[in-house]
Amino acid sequence: MNFHVLTLFPEMISQGLQTSILGRALERGTIRLSAVNIRDYTTNKHKKVDDYPYGGGAGMLMQAQPVYDAWKAVSEQIRREKVGSGNVRVIYVTPQGKTFHQAMAKELAMEEDLIFLCGHYEGIDERVVEEIATDLVSIGDYVLTGGELPVMVMIDAISRMVPGVLGNEESGRNESFGNYLLEYPQYTRPEIWHEKKVPEILLSGDHKKVDDWRLEESLARTRKVRPELYEKWAEENQEYFIRKAKKEARARKKEAKRMRSGNE
Ligand code: ADE
């Protein structure tokens, strides 16, 4: 996966993604990152990239020309390196976009190249956005000072969906949002900490019981914190409730039988 980021602050992107798991993936070449300085493409002799908005209003806007030329240079470079590659998706990160989520991360991880466009100041001239952006994406309902942090968030989430980035393939699977559910609580040594004991069932060695317990914990947590996700899961997993009802009925029957034989 090759990430290309068009930004006014390239060092923020390259430094921010250099550590830990992504740092290792970059070193190994599992993912590649190039941060391109939009300012390098301005034709303005003072290296200016912004101007006042027509119609008035607060702040400055990034101008179309440097953004377009930076995009064109990157697109041409990708085309030169890859014979026959189609048009590369250009993701403009903006609070006006669709909200980013796990399924989107998974889908984007299947692309070979992605170009991200970071806005600054009050945004970017709409005409260049119309011309080059294929996707408008927001990372949530709040406004940041620029697109660099959203792009880093997205690159992190997308990268961990790229095969080989996570050391253990398993760790990408059984986690929050993969199936609408939030992850169950996890514990490591010591067994008792601040007088709190690790749930007994996790020490039992009974994998089936551990899996059942984890699912119940995930369901309880999701229902409490994110009821809309719980409803989605419930809709798609009706057989779980049928199985659960049958199990409870069997347990009630067994208990009634036990009571009867106790009374005899
Ligand atoms: N730029 C500024 N705020 C943003 C947000 N919430 N998501 C994506 N890009 C942004």
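For the single chain, residues carry numbers from 1 onward in sequence order. Ligands are counted one by one from 1 in listed order, and the atoms in each one are counted from 1 as well.
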Could you pull out every N or O of ligand 1 that sits under 3.5 Å from a protein N or O, with the distance for each pair?
from     : atom 1 : to     : atom 2 : distance (Å)
ligand 1 : 3 (N)  : Leu144 : N      : 3.0
ligand 1 : 6 (N)  : Gly140 : O      : 3.2
ligand 1 : 6 (N)  : Tyr142 : O      : 2.8
ligand 1 : 7 (N)  : Ile139 : N      : 3.0
ligand 1 : 9 (N)  : Thr94  : N      : 3.2

Listed pairs under 3.5 Å, donor-acceptor, residues 14-26 side chains, sequence neighbours left out:
from  : atom 1 : to    : atom 2 : distance (Å)
Ser14 : OG     : Pro10 : O      : 3.0

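Under the side-chain hydrogen bond (donor to acceptor under 3.5 Å, both in side chains) criterion, Asp212 pairs with Lys208, sequence neighbours left out. Evaluation of the side-chain contact (heavy atoms from CB on, under 4.5 Å) rule for Asp69 yields Tyr41, Gln65 as partners, not counting sequence neighbours.
Crowding of Phe241 atom CZ: a count of heavy atoms from other residues, nucleotides or ligands under 6.0 Å exceeding 12. By the neighbour-count criterion of 12 heavy atoms within 6.0 Å, atom NZ of Lys224 is sparsely surrounded, having that number or fewer from other residues, nucleotides or ligands.
One finds a salt bridge joining Glu255 and Arg258 here, because a Lys/Arg side-chain nitrogen approaches an Asp/Glu carboxylate oxygen to under 4.0 Å.
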